[in-house]
Amino acid sequence: MFFDQDKAERAVKFISLLNHTKGVWYGQPFELLPWQDKIIRDVFGTVKEDGYRQYNTAYVEVPKKNGKSELAAAVALYLTCGDGEWGAEVYGCAADRQQASIVFDVAVDMVEQSPALKKRIKPVLSRKRLVYMPTGSFYQVLSSEAYTKHGFNVHGVVFDELHAQPNRQLYDVMTKGSGDARMQPLFFLITTAGTDRNSICFEVHQKAEDILRGKRMDPTFYPVIYGIEEGEDWGDEKVWYRVNPSLDHTIDIEKVRAAYTSAKENPAEENLFRQLRLNQWVKQSVRWMPMETWEKCNHPVDPERLKGRVCYGGLDLSSSIDITAFVLVFPPVEDDGKYYVLPYFWLPEETLELRVRRDHVPYDVWKQQGYLLTTEGNVIHYGFIEKFIEDLNTRYHIKEIAFDRWGAVQMVQNLEGAGFTVVPFGQGYKDMSPPTKELMKLTLEGKIAHGGHPVLSWMMDNIHIRTDPAGNIKPDKAKSTEKIDGAVAMIMALDRCIRNEGNRDNSIYDERGLLIL
């Protein structure tokens with residue numbers, strides 16, 4: 001790895017000849033801010049022994065309003081016009097054509113303000129394309145359907161707001177092999193933090209984090225993340241300045257202060273502030289389960305060691321085409337004070353791929369890893385699940401199974417016919433509040449052991465809680481960000497476990513009263 005000062009300076013000088021296109025900055029020369037200057041010099045000046053670029057992927061994650069669009073447009077124009085590549089194909093990608101056009105429109109305006117570029121670039125605005133005539137190169141926006149047309153010979157791709165990509169298809173097509181015929185292709189990914197931890201953006205974000213922390217090596221990948229660290233004070237202005245490198249330049253501090261005040265007064269806005277202003281990956285608008293605490297309960301769960309133990313089941317049947325969840329909770333024994341959790345999940349086999357594409361959730365990966373099961377056909381085969389539960393009962397002593405009283409009546413009757421004690425469980429505050437609060441308490445105390453099951457953890461991260469005027473709580477399926485069936489099944493099983501095992505003669509709820517959290 002070498003640093004070529006001339007190549008770095010060439011890129012910086014090209015950008016400095018462009019003009020800003022927005023607000024009070026309009027028409028002024030694009031003087032790179034220190035953080036932008038470093039990125040451009042590092043990406044374009046770091047080369048291999050053969051003189052070609054070292055980095056073919058740059059991942060830049062920064063809060064909104066820090067000048068992402070202007071920087072992305074400048075990079076796109078340099079790759080098209082200043083990189084010395086004949087017939088360069090440079091593409092602008094985003095979640096949809098309209099989003100991708102934001103960076104393109106900035107580039108068009110930059111060209112309009114540059115006499116040197118204007119006489120060398122032919123705009124084809126109907127196709128969202130800029131053609132650099134001296135080398136036959138072009139920069140073009142891709143439509144949302146374009147990724148189906150393979151055969152790109154990519155020199156550069158500028159991905160704007162990667163976090164908004166609905167799936168990984170466009171990313172994979174544009175970055176996997178499309179630049180093989182080029183000597184130094186560049187995939188420039190620039191984004192704000194998102195909310196979907198099953199997305200392609202979070203996958204790339206994690207890679208970037210691992211490289212920055214020295215946990216992973218990839219000499220072709222250049223990572224930049226400006227964001228708040230877990231546990232940092234989100235109201236500290238010193239943190240704001242650190243994670244917003246353009247603060248007091250493109251961002252007015254008073255606007256950030258106003259947004260913070262609004263977020264502090266309205267908890268529903270807190271995560272938006274954290275995500276957009278502080279570049280923190282968040283899950284939902286109002287948090288319930290602190291996931292860092294849940295993850296600390298990643299105590300190993302060995303199904304073999306639980307053989308013969310008493311346990312309680314929770315069954316959430318949902319609908320015949322949706323996830324069915326069955327969760328076993330094992331009460332503590334004398335030498336171990338933890339509640340062990342064994343979850344099981346099913347989806348119809350024939351609709352699995354469709355759901356992966358539609359829901360943007362890695363059900364297929366979870367199936368491959370053994371965390372998700374499927375039943376034949378395009379609807380849930382309840383008979384298969386009944387047999388599965390009967391088989392479980394040969395290994396564990398399932399004393400009771402709680403189920404949503406509005407669930408499948410036939411399956412419940414069949415389980416009763418097989419000798420199970422099946423208990424209807426209401427989904428209102430009266431039934432759900434005590435075990436939901438107890439689950440939080442046990443999690444905070446580290447007394448839950450879930451083994452890091454990814455499907456259950458995903459569902460825990462999805463939970464939105466509804467509260468009544470008396471302070472009772474319950475999981476709200478309608479308002480939760482994604483599926484929470486497994487969490488609901490676990491809460492029902494935990495309730496039966498506590499009522500029967502908390503105190504052999506009395507419920508732990510009776511012993512100490514309801515928890516107020």
Handout entry: With Tyr59 via ring-ring contact (aromatic ring centres under 6.0 Å, His included) - residues at least two apart
Key =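 Once residues adjacent in sequence are excluded, Tyr59 has no partner under the ring-ring contact (aromatic ring centres under 6.0 Å, His included) criterion.
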
Side chain of [X], backbone of [Y]: donor and acceptor closer than 3.5 Å?
X	Y	value
Thr191	His163	yes
Asp316	Val488	no
Asn244	Leu247	no
Lys7	Gly51	yes
Thr220	Asn56	no
Thr374	Glu349	no
Gln427	Asp404	no
Glu232	Glu229	yes
His20	Lys22	no

Do the side chains of [Y] and [X] get nearer than 4.5 Å, heavy atoms only?
X	Y	value
Met460	Met289	yes
Pro475	Ile491	yes
Val75	Phe44	yes

Handout entry: Side-chain donor-acceptor contact under 3.5 Å, Trp294 with Ser457
Key =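 Per modelled atom types, Trp294 and Ser457 side chains form a pair under 3.5 Å.
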
Handout entry: Polar side chain donor-acceptor pair, Asp248 to Tyr241, under 3.5 angstrom
Key =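 Short answer, yes.
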
Exercise for the section: Would you check if the distance from the ring center of Tyr226 to the ring center of Trp35 is below 6.0 Å? Expected result: yes

Exercise for the section: Would you confirm whether the ring centroid of Trp234 sits within less than 6.0 angstrom of the ring centroid of Trp240? Expected result: no

Practice task
May I ask you to check whether over 12 heavy atoms, not counting those of Gln206, lie within 6.0 Å of atom CD?
Solution key: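 For Gln206, atom CD is crowded (more than 12 foreign heavy atoms under 6.0 Å).
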
Handout entry: Flag if over 12 foreign heavy atoms under 6.0 Å of CD, Gln28
Key = yes

Handout entry: salt_bridge(Lys483, Asp322) N-O dist < 4.0 Å
Key =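 A salt bridge links Lys483 with Asp322.
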
Handout entry: NZ/NE/NH1/NH2 to OD/OE distance under 4.0 Å, Glu270 and Lys264
Key =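 Salt bridge flag = no for Lys264 with Glu270.
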
Exercise for the section: List the steps and the verdict of side-chain hydrogen bond (donor to acceptor under 3.5 Å, both in side chains) for Thr46 and Gln54. Expected result: CA-CA 6 Å; Thr46 307; Gln54 176 73 38; over 6 Å; no

Completion exercise
salt bridge (Lys or Arg N to Asp or Glu O under 4.0 Å) filter on Glu161, not counting sequence neighbours, yields Lys68

Practice task
Using the test salt bridge (Lys or Arg N to Asp or Glu O under 4.0 Å), find all partners of Asp364 that sit at least two apart in sequence or belong to another chain.
Solution key: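 Expected list: none.
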
Fill in the blank from the handout: With Tyr222 as partner, the option from Ile39, Ile211, Leu186 fulfilling side-chain contact (heavy atoms from CB on, under 4.5 Å) is Ile39

Indicate every side-chain donor-acceptor pair of residues 121-129 with a distance under 3.5 Å to a residue at least two apart or in another chain.
unit_1	atom_1	unit_2	atom_2	d
Arg129	NE	Gln140	OE1	2.5
Arg129	NH2	Gln140	OE1	2.6

Practice task
Identify the heavy atoms of Pro63 and Thr192 that sit nearest to each other, and give their distance.
Solution key: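 Heavy-atom minimum between the residues: C-OG1, 4.1 Å.
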
Exercise for the section: Give every residue pair that meets the ring pair (Phe, Tyr, Trp, His ring centres under 6.0 Å) criterion with at least one member in residues 164-187, sequence neighbours excluded. Expected result: Phe159-Tyr171

Exercise for the section: Report the distance from atom CZ of Arg168 to atom CD of Gln165, rounding to the nearest 0.5 Å. Expected result: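 Atom-to-atom, Arg168:CZ and Gln165:CD are 11.0 Å apart.
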
Side-chain donor-acceptor pairs of residues 78-89 under 3.5 Å, sequence neighbours excluded:
unit_1	atom_1	unit_2	atom_2	d
Tyr78	OH	Arg10	NE	3.4
Tyr78	OH	Gly82	O	3.4
Thr80	OG1	Ala76	O	2.7
Asp83	OD1	Arg53	NH1	3.1
Asp83	OD2	Arg53	NH1	3.1
Asp83	OD2	Arg53	NH2	2.8
Asp83	OD2	His155	NE2	2.8
Glu85	OE2	Arg182	NH1	3.0
Glu89	OE1	Tyr91	OH	2.7
Glu89	OE1	Asn153	N	3.2

